[in-house]
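Just below is one structure, and these are the notes that go with it.
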Amino acid sequence: MHVKEGLSVDKRAVKAWITYDWANSAYATTVLAAVLPVFYASVAAATLDKDTAASYLAYTHSIGMLCVALLTPLLGTLADLSGRKGDFLRVFAITGIVSTLGFSVIGEGDWLLASTLLVLSTIGFAGGNTFYDAMLPDLVPVERRDMVSSKGYAYGYIGGGLLLAINLLMIQQPDWFGMPSTLAGTRLAFISVSIWWLLFSLPIFRYAPRRPVSPELPASVTGYAKVGVRRLRQTFGQIRRFPQLLRMLVAFWFFNDGINTIILMATIYGTSIGIGTSDLMLALLITQFIGFPCTLLLGAWAQRWGAKQVLLVSLSIYICIVILGYFMTQALHFYVLAGLVGVVQGISQSTARSLFSNLMPAARTGEYFGFVNITGKFASIFGPFVFGYVGQITGSTRWGILSLIFFFVAGIAVLLTVKVQKGMQDAQSADQEELERMQGLGMAGKGKDVTFTG
């Protein structure tokens, strides 16, 4: 639902929403990007050869994201019906927190347990983010979404970066923390991520916004499933009613695939051309701390000049990053590219999120963000595949990184056709139709904090 113009915004809920990005970014930086890949290969899969270990880790990531892709559209629909996105977020977040804590007890050769925990923590992290993203229209009016969305990503950068710096010290200087070895320091790092994630999630657990209950709310779990499946079918059929949203979705498939591929393949690419591990880790920290101020600054620009315009600029910079990456030869170049990624990564994601929230029917943001999630996850297989295939047939990963230009050029081309104002009008018309339907069912007036606007 769109927040009614002139209605007071719950500042505690907005701060809590921003704080959650600070909370769960620790998992993205420490677990996914920095520590777990090395821990999995050297400890959990120590009894396997390196190639097999790497393959098992890749398969585990794929299984986890597939589970998220299949679950979130249905759960997003149910969250919309119940009006309780915060409750669903809490369940997923706790799943991720407990699973991350489980990494601290993994022993040598426990690759199956480690893979199981990674699937569960991936479901908790990515599944929770679906409901987190879908809360944005319930928190602030349209004119403030770009800035609030940018603040979320910015605080996520600084929070994830701070804990990552501490975690790297735990691993490299374990005696400073009373740990007898690097392995003990690694286990402590996993524990610290769980505590951090839980502690800074408490505000959103308490202040998450609630919306009016839908008249379609069923009385049983079976009824939930039936209604959810029915509405999912409707989503596939009705998205054609929102051509601007559909164009934005297609553009997102392209440019988000390019961004994700850079994130996933940067370390492998750097290693393949001779960049040392310490330089790669330091570059990751640089990305986090540059991302904080730049996301805030560019978020303010997006609020003034428009999210679409700022997103187009950020995607153009990504094209420059890919080209420069092709010519990279030394660690200094990698640091420069890490800095550029830090400038644009957060703002490209935050402006895409705010654009989606403006173009969606606000009464069904959970459902539609679930739809974005599942299609985005399936689309994201192509970037890494193209990178690997081009690198294989040419015998050089440089050509693989250069091939990613296609995804950004295609994304920009489609994004240029999106008419944001027209899309917002279509979404608000759908909200008005839903309000009139609810009035006909005698459900009008039950929501106190937010309401539909025409």
Side-chain angles (χ1 to χ4, degrees), residues 1-3 17 21 68-69 72-73 76-77 79-80 85 89 126-153 156 232 235-236 238-260 295 298-299 302-303 306-312 314-315 345-380 411-412 414-431:
M1 301 174 195
H2 295 295
V3 179
W17 188 85
D21 215 321
V68 172
T72 50
T77 300
D80 280 337
K85 299 185 183 85
L89 171 61
N129 280 344
T130 297
F131 303 105
Y132 171 74
D133 291 342
M135 285 182 194
L136 184 58
D138 299 342
L139 291 167
V140 290
V142 171
E143 63 271 14
R144 291 187 57 186
R145 288 180 197 163
D146 292 332
M147 193 65 241
V148 171
S149 181
S150 298
K151 282 184 177 180
Y153 273 103
L232 278 178
T235 303
F236 282 95
Q238 292 182 358
I239 196 170
R240 289 174 294 181
R241 289 185 55 196
F242 308 100
Q244 308 310 317
L245 173 60
L246 185 57
R247 292 175 185 179
M248 177 64 195
L249 182 60
V250 174
F252 178 78
W253 289 341
F254 283 113
F255 70 73
N256 189 61
D257 200 2
I259 293 171
N260 283 338
T295 303
L298 294 176
Q303 186 167 313
K308 176 182 172 181
Q309 286 71 23
V310 173
L311 178 57
L312 286 169
S314 69
L315 297 179
Q345 182 172 299
I347 195 60
S348 62
Q349 294 171 320
S350 68
T351 50
R353 177 168 62 190
S354 64
L355 277 172
F356 271 125
S357 70
N358 292 341
L359 298 172
M360 292 175 179
R364 305 178 79 166
T365 52
E367 176 184 341
Y368 275 88
F369 267 111
F371 184 80
V372 170
N373 199 323
I374 187 172
T375 57
K377 294 297 183 295
F378 283 122
S380 66
I412 289 173
V414 179
L415 183 60
L416 285 170
T417 70
V418 176
K419 300 176 182 178
V420 177
Q421 292 301 320
K422 179 62 169 62
M424 291 171 62
Q425 292 172 3
D426 292 342
Q428 290 178 358
S429 295
D431 284 340

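These numbers were taken from a predicted model, which means no experiment stands behind them.
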Nearest 0.5 Å please: distance from the [atom1] atom of [X] over to the [atom2] atom of [Y].
X	Y	atom1	atom2	answer
K85	D133	NZ	CG	11.0 Å
T351	F356	OG1	CZ	10.5 Å
L359	Q421	CG	CD	9.5 Å
L415	L355	CG	CG	7.0 Å
R144	L139	CZ	CG	10.0 Å
R353	S357	CZ	OG	8.5 Å

Practice problem: Work out which heavy atom in G127 is nearest to a heavy atom in V68; give both atom names and the distance. | Solution: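 For G127 versus V68, the nearest heavy atoms are N-CG1, 4.1 Å.
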
Quiz item: Closest approach of L311 and S314, non-hydrogen atoms and distance?
Solution: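 Heavy-atom minimum between the residues: O-OG, 2.7 Å.
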
Output side-chain donor-acceptor pairs under 3.5 Å for residues 239-250, partner residues at least two apart or in another chain, one line each.
from : atom 1 : to   : atom 2 : distance (Å)
R240 : NE     : G237 : O      : 3.4
R241 : NH2    : E433 : OE1    : 3.2
Q244 : OE1    : K419 : N      : 2.8
R247 : NH1    : T417 : O      : 2.9

Self-check item: Atom NZ of K308 with >12 non-hydrogen neighbours under 6.0 angstrom
Solution: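 Buried by this count: over 12 neighbours within 6.0 Å.
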
Exercise. Ignoring hydrogens and angles, tell me if any N or O in the side chain of S149 forms a donor-acceptor pair with the backbone of S350 under 3.5 Å.
Key: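 At least one qualifying donor-acceptor pair exists.
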
Quiz item: Knowing that exactly one of I259, L312, N256 qualifies, which makes a side chain to side chain contact (heavy atoms under 4.5 Å, CB included) with S348?
Solution: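 So, applying the side chain to side chain contact (heavy atoms under 4.5 Å, CB included) to S348 and each of I259, L312, N256, only I259 qualifies.
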
Quiz item: Between I347 and V310, does a side chain to side chain contact (heavy atoms under 4.5 Å, CB included) hold up when you go through it step by step?
Solution: CA-CA 8 Å; I347 195 60; V310 173; 3.6 Å; yes

Exercise. Please work out which of the three classes, parallel, tilted or perpendicular, describes the rings of Y132 and W17, given edges at 30° and 60°.
Key: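 If you compare the ring of W17 with that of Y132, the planes turn out parallel.
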
Quiz prompt | Sub-4.5 Å side-chain heavy-atom contact between M147 and V140 | solution =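 No, too far: nothing below the 4.5 Å cut-off.
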
